[in-house]
Participant: 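My questions all concern the structure below.
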Amino acid sequence: MSKRHTRRMIRNQHHINKESVIENPNELSEKLIKCLISIFLELNQASMDREGSAMAPKLTLSCMKSKGFITKTTFNCRTSTFLYNDNSSNLDPYGILPDFDGTVRDVGPYKNFIQITRSSLDTGCLSECLPAMRKLRVLMHRLCNVDLTFLTYKQKLAFWINIYNACIMHAFLEHGLPSTQAKLLAIMNKAAVNVGGIVLNALAIEHFILRHPWESNQGLTDEKETLLRHAYGLGYPEPNVTFALCRGSWSSPALRVYTPNEVVNELGRAKVEYLEASVGVTSKRKIVVPKLLQWHMRDFADDMESLLEWIYSQLPRSGSLKRVMMECLNGETRSPITKMVEIQPYEFEFRYLLAL
């Protein structure tokens, strides 16, 4: 074999290896989130009259080692006055209907999503999940060895959204379903995965990779945060991740699988569909805005007035919500913004809405 032929084979092999590096992480993240969804679907039984907590089995993983990036946080929000209905249909998943004119409008695609709640999870079918859980262990182990070096912005974006959501789902399987806000926060801080030899939790993924930097130090030193952003950061944040990151709580947006080629369109669709289902207008002509949007308002607007205008601009023209919002915003008896808005408190009770 000639030296020229050998060099050509080496170049071709290097090209193949590079291509596999580009594709592997995204394919792995998609397989991982799909595997977790399949486990929850198998555990999900239509036993809506069942009472009590359904605790999912724990999984033992051996690859949670090496250097770690773990951060802790707490949420500051007032006690929820929204009484979730565990037996409700998806016709009103966030409890914002009817509109001020008494009509129960179409909330869009959310009405067709699969709903998984505490009472609908049945661990009696655990034996049926054993193959999927074995597959999950294999996928989590493979995640320890991924190389994100060659990923593009879109590939990183899709990858980290999937990994964040998988991290939360896996934490529920390891630690059980939270019964209180405090337990949910504890699980959020424990939810960690090993990505390429670096252990980081869901909060680090969200705030140091997918979102703008925090204004205050919440647990990581500046040096560690800089290292993490340099190794895994997107370069610039994508505001629409607000509508993709699912904490498995009642007020979370729907859970989806994100792909590198379509991630921008998928995020845009997730945004519009969430707004259709979570924003409403009360009988007193108050516009109901979810707490999630208020938390991340600065990603979309300067203040509440411009946030309302942004919400209005994002809604489909054919939808009735856009019409009733316009009546509130442009009405002759328009109230001050402070009196026009009602913030829907964040509800921490466990639930997944699956956009399948």
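Note that the coordinates shown come from a computational prediction; the quantities given were computed from them, not determined experimentally. These numbers come from the heavy atoms of this one structure, side chains and all, not from hydrogens, waters or symmetry mates.
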Participant: Is any NZ, NE, NH1 or NH2 atom of the basic residue among Lys111 and Asp92 found under 4.0 Å from an Asp or Glu carboxylate oxygen of the other?
Facilitator: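 No, this pair does not count.
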Participant: Once the angle between the rings of Tyr94 and Tyr274 is folded into 0 to 90°, is it parallel (under 30°), tilted (30 to 60°) or perpendicular (over 60°)?
Facilitator: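 The arrangement is perpendicular - the two ring planes meet at more than 60°.
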Participant: Test: salt bridge (Lys or Arg N to Asp or Glu O under 4.0 Å). Region: residues 253-267. Which pairs qualify, not counting sequence neighbours?
Facilitator: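 Residue pairs with at least one partner in residues 253-267: Arg256-Glu273.
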Participant: So, do Tyr236 and Tyr153 have ring centers that fall under 6.0 Å from each other?
Facilitator: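 Centroid distance Tyr236-Tyr153: below 6.0 Å, so yes.
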Participant: Between Trp295 and Tyr346, is the ring centre distance below 6.0 Å?
Facilitator: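 So the answer is yes for these two rings.
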Participant: Apply side-chain contact (heavy atoms from CB on, under 4.5 Å) to the pair Leu143 and Leu28, showing each step before the final yes or no.
Facilitator: CA-CA 7 Å; Leu143 188 63; Leu28 179 58; 4.0 Å; yes
Participant: Restricting to non-hydrogen atoms, name the atom on Ala158 and the atom on Pro260 that form the minimum distance, rounded to 0.1 Å.
Facilitator: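 Scanning both residues, the minimum pair turns out to be CB-N, 3.7 Å.
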Participant: Would the distance check show the side chain of Tyr232 and the main-chain N or O of Trp160 forming a donor-acceptor pair, the cut-off being under 3.5 Å?
Facilitator: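 No; zero donor-acceptor contacts below 3.5 Å.
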Participant: Any side-chain heavy-atom pair from Glu174 and Lys190 closer than 4.5 angstrom?
Facilitator: no
Participant: Given the side-chain rings of Phe300 and Phe243, with only the six-membered ring counted for Trp, is the space between their centroids under 6.0 Å?
Facilitator: yes
Participant: Please give me the minimum heavy-atom distance between Pro253 and Leu292, naming the atom from each residue.
Facilitator: CD-CD2, 4.0 Å
Participant: Hey, what's the ring geometry for Phe40 with Tyr352, parallel, tilted or perpendicular (30° and 60° as the breaks)?
Facilitator: perpendicular
Participant: Measure the shortest side-chain to side-chain distance between Leu321 and Val324 over non-hydrogen atoms and say whether it is less than 4.5 angstrom.
Facilitator: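 They are in contact (side-chain heavy atoms under 4.5 Å apart), so the answer is yes.
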Participant: Is it the case that the side chains of Asn26 and Ser29 hold a donor-acceptor pair, with the cut-off being a distance below 3.5 Å and no angle test?
Facilitator: no
Participant: Would you call Val279 and Met325 a side-chain contact if the rule is heavy atoms closer than 4.5 Å?
Facilitator: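 The answer is yes, as the side chains (C-beta and beyond) meet within the 4.5 Å cut-off.
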Participant: When rounded to the nearest 0.5 angstrom, what is the spacing between CE in Met188 and CD in Gln181?
Facilitator: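 So the CE of Met188 and the CD of Gln181 are separated by 11.5 Å.
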Participant: Can Thr259 and Asn261 be counted as having a side-chain donor-acceptor contact under 3.5 angstrom?
Facilitator: no
Participant: Any link between Val193 and Val138 through a network of hydrophobic side chains (Ile, Leu, Val, Met, Phe, Trp, Tyr) touching at under 4.5 Å?
Facilitator: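 Looking at the clustering, Val138 is in a separate group from Val193.
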Participant: Please tell me whether Ser251 and Arg351 have a donor and an acceptor in their side chains that are separated by less than 3.5 angstrom.
Facilitator: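 Judged by distance alone, the side chains do not pair up.
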Participant: Identify the heavy atoms of Ala277 and Pro93 that sit nearest to each other, and give their distance.
Facilitator: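 The answer is CB-CG, 4.1 Å.
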Participant: Nearest heavy-atom pair of Pro237 and Pro239: which atoms, and what distance?
Facilitator: O-CD, 3.7 Å
Participant: Kindly compute the distance separating CD (Gln294) from CG (Leu307), expressed to the nearest 0.5 Å.
Facilitator: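 Between Gln294 CD and Leu307 CG, I get 9.0 Å after rounding to 0.5 Å.
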Participant: Mind checking whether Phe113 and Tyr110 have parallel, tilted or perpendicular rings, split at 30° and 60°?
Facilitator: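 Phe113 and Tyr110: tilted rings.
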Participant: For Tyr258, what residues pass the ring-ring contact (aromatic ring centres under 6.0 Å, His included) criterion, not counting sequence neighbours?
Facilitator: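 Partners of Tyr258 under the ring-ring contact (aromatic ring centres under 6.0 Å, His included) test: none.
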Participant: Is there a donor-acceptor pair under 3.5 Å between the side chain of Asn162 and the backbone N or O of Ile33?
Facilitator: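 Here the side-chain-to-backbone pair does not exist.
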Participant: Above 12 or not: heavy atoms from other molecules or residues under 6.0 Å from NZ of Lys31?
Facilitator: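 Count not over threshold, so no.
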Participant: A side-chain contact here means heavy atoms from C-beta on lying under 4.5 Å apart; do Cys328 and Val281 qualify?
Facilitator: yes
Participant: Would you call Val272 and Leu315 a side-chain contact if the rule is heavy atoms closer than 4.5 Å?
Facilitator: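 Of all side-chain heavy-atom pairs linking Leu315 with Val272, none is under 4.5 Å.
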Participant: Start with the C-alpha distance between Trp310 and Leu275, add both sets of side-chain angles, then the distance that settles side-chain contact (heavy atoms from CB on, under 4.5 Å), and finish with yes or no.
Facilitator: CA-CA 11 Å; Trp310 177 83; Leu275 292 176; 4.1 Å; yes
Participant: Of the non-hydrogen atoms in Gln115 and Ser120, which two are nearest, and what is the gap between them?
Facilitator: O-OG, 4.3 Å
Participant: In the structure I gave you, are the side-chain heavy atoms of Lys291 and Pro345 within less than 4.5 Å of one another anywhere?
Facilitator: no
Participant: How long is the gap from CZ on Phe150 to CG on Asn24, to the nearest 0.5 Å?
Facilitator: 12.5 Å
Participant: May I ask you to test the Asn194-Leu200 pair for a side-chain heavy-atom distance under 4.5 Å?
Facilitator: no
Participant: Please answer whether the main-chain N or O of Arg298 pairs with a side-chain N or O of Asp302 as donor and acceptor at a distance below 3.5 Å.
Facilitator: no
Participant: Distance from Phe159 atom CZ to Glu30 atom CD, nearest 0.5 Å?
Facilitator: 11.0 Å
Participant: Enter the distance from Thr242:OG1 to Met297:CE here, rounded to the nearest 0.5 Å.
Facilitator: 12.5 Å
Participant: If we ignore hydrogens and angles and just use 3.5 Å, is the side chain of Ser252 paired with the main-chain N or O of Arg247 as donor and acceptor?
Facilitator: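 Here the side-chain-to-backbone pair exists.
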Participant: In Å, rounded to the nearest 0.5 Å, how long is the span from CG of Leu293 to CE of Met304?
Facilitator: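 Result: 8.5 Å between the selected atoms.
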Participant: Is Leu234 linked to Val263 within one hydrophobic cluster, defined over Ile, Leu, Val, Met, Phe, Trp and Tyr using a side-chain heavy-atom separation of less than 4.5 Å?
Facilitator: yes
Participant: Please name the pair of heavy atoms, one in Val241 and one in Leu210, separated by the smallest distance, quoted to 0.1 Å.
Facilitator: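 Result for this residue pair: CG2-O, 4.1 Å.
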Participant: Does the Arg118 side chain pair with the main chain of Pro178, one donor and one acceptor, at a distance under 3.5 Å?
Facilitator: yes
Participant: Look at the side chain of Lys286 and the backbone N and O of Val341, then say whether any donor-acceptor pair between them is shorter than 3.5 Å.
Facilitator: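 No; judged by distance alone, with no hydrogens or angles, the pair does not exist.
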Participant: Would you check if Ile287 and Glu342 make a side-chain contact, meaning some heavy-atom pair closer than 4.5 Å?
Facilitator: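 Ile287 does not reach Glu342 side chain to side chain.
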Participant: Is there a side-chain contact (heavy atoms from CB on, under 4.5 Å) between Leu41 and Ile116? Walk through the geometry before answering.
Facilitator: CA-CA 8 Å; Leu41 285 176; Ile116 298 179; 4.1 Å; yes
Participant: Could you walk me through whether Ile168 and Leu245 pass the side-chain contact (heavy atoms from CB on, under 4.5 Å) check?
Facilitator: CA-CA 10 Å; Ile168 300 296; Leu245 303 182; over 6 Å; no
